[in-house]
Amino acid sequence: QVQLVESGGGLVQAGGSLSLSCAASGRTFNNYGMGWFRQAPGKEREFVAAISARGGDTRYANSVKGRFTISRDNAKNTVYLQMNNLKPEDTAVYYCAAGSGRTAIHEYHYWGQGTQVTVSS
């Protein structure tokens with residue numbers, strides 16, 4: 001069992017930056033790949049970024065590639081999402097999840113409660 005708690009969301013102007021964190025409980029954090037997903041109002045939840053269990057493999061949605069960076073610190077049981085050059089279309093609730101470390105949402109079994117990111121134009 002893994003419990004996940006996101007933090008770091010907020011309101012930012014377009015072009016600005018935010019850093020999200022996801023703290024995990026449990027002793028098996030470093031056995032899981034981790035992902036960030038987001039869901040905008042009226043839209044389905046979508047993949048944003050993922051990182052393998054040891055951190056050696058990262059994947060990004062095309063819409064965020066070059067702007068977002070996922071990382072993890074297994075000693076702190078924490079995964080991060082650094083978001084730069086934010087755009088209004090990045091506005092969504094952001095969720096972290098533990099699972100395969102790949103892009104498919106159904107491969108993630110544990111989810112946080114989400115944190116709101118709002119980007120104003």
Engineer: Ignoring hydrogens and geometry, is there a side-chain-to-backbone donor-acceptor pair from T91 to V119 under 3.5 Å?
Structural biologist: yes
Engineer: How far apart are the C-alpha atoms of T115 and L20, what are their side-chain angles, what is the distance that settles it, and do they pass the side-chain contact (heavy atoms from CB on, under 4.5 Å) test?
Structural biologist: CA-CA 8 Å; T115 186; L20 304 184; 4.0 Å; yes
Engineer: Within this structure, what is the OG-CD distance for the pair S17 and Q82, rounded to the nearest 0.5 Å?
Structural biologist: 5.5 Å
Engineer: Shared ILVMFWY cluster between I105 and M34, side chains joined below 4.5 angstrom?
Structural biologist: no
Engineer: Looking at H106 and H109, what are the two nearest heavy atoms and their distance?
Structural biologist: O-CE1, 4.2 Å
Engineer: So, for A92 and A40, which heavy atoms are closest and what is the spacing to 0.1 Å?
Structural biologist: CB-N, 3.8 Å
Engineer: Table please: side-chain donor-acceptor pairs of residues 2-13 below 3.5 Å, with sequence neighbours left out.
Structural biologist:
residue	atom	partner	partner atom	Å
E6	OE1	Q113	N	3.0
E6	OE1	Q113	NE2	3.4
E6	OE1	G114	N	2.9
E6	OE2	C96	N	2.9
E6	OE2	G114	N	3.2

Engineer: Taking all heavy atoms of W36 and all of S21, pick out the closest pair and write down the distance.
Structural biologist: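 Shortest heavy-atom separation between W36 and S21 comes out as CH2-O, 3.7 Å.
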Engineer: Can you measure from CG (N77) to CG (N30) and round to the nearest 0.5 angstrom?
Structural biologist: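 Answer for the CG-CG pair, N77 versus N30, is 7.5 Å.
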Engineer: Would you name the heavy atoms of G101 and A50 that are closest together and state the gap between them?
Structural biologist: O-CB, 3.3 Å
Engineer: Using the side-chain hydrogen bond (donor to acceptor under 3.5 Å, both in side chains) rule, collect all pairs that involve residues 93-104, keeping only residues at least two apart or in two chains.
Structural biologist: R38-Y94, S100-E107, R102-E107
Engineer: If you round to the nearest 0.5 Å, how far is CG of N84 from CZ of F68?
Structural biologist: 8.5 Å
Engineer: In terms of hydrophobic clustering (I, L, V, M, F, W, Y; side-chain heavy atoms under 4.5 Å; direct or indirect links), are L18 and Y80 co-clustered?
Structural biologist: no
Engineer: Checking T118 now: which residues fulfil side chain to side chain donor-acceptor pair (under 3.5 Å) with it, not counting sequence neighbours?
Structural biologist: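 Scan of T118 (side chain to side chain donor-acceptor pair (under 3.5 Å), adjacent residues dropped) gives Q116.
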Engineer: Looking at every non-hydrogen atom in both residues, tell me the closest pair between V48 and L81 and how far apart they are.
Structural biologist: CG1-CD2, 4.2 Å
Engineer: Determine which pairs satisfy side-chain hydrogen bond (donor to acceptor under 3.5 Å, both in side chains) with at least one residue from residues 47-58, sequence neighbours left out, and list them in order.
Structural biologist: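 Every pair satisfying side-chain hydrogen bond (donor to acceptor under 3.5 Å, both in side chains) with a residue in residues 47-58: D57-R59.
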Engineer: Show me the pairs that pass salt bridge (Lys or Arg N to Asp or Glu O under 4.0 Å) and involve residues 67-81, at least two apart or across chains.
Structural biologist: R67-D90
Engineer: Write down the atom of I70, the atom of Y60, and the distance for their closest heavy-atom approach.
Structural biologist: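 Closest approach of I70 to Y60, heavy atoms only: N-OH, 2.9 Å.
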Engineer: Can the ring centres of Y108 and Y32 be said to be less than 6.0 Å apart?
Structural biologist: no
Engineer: Tell me, please, which residues at least two apart from F47 pass ring pair (Phe, Tyr, Trp, His ring centres under 6.0 Å).
Structural biologist: F37
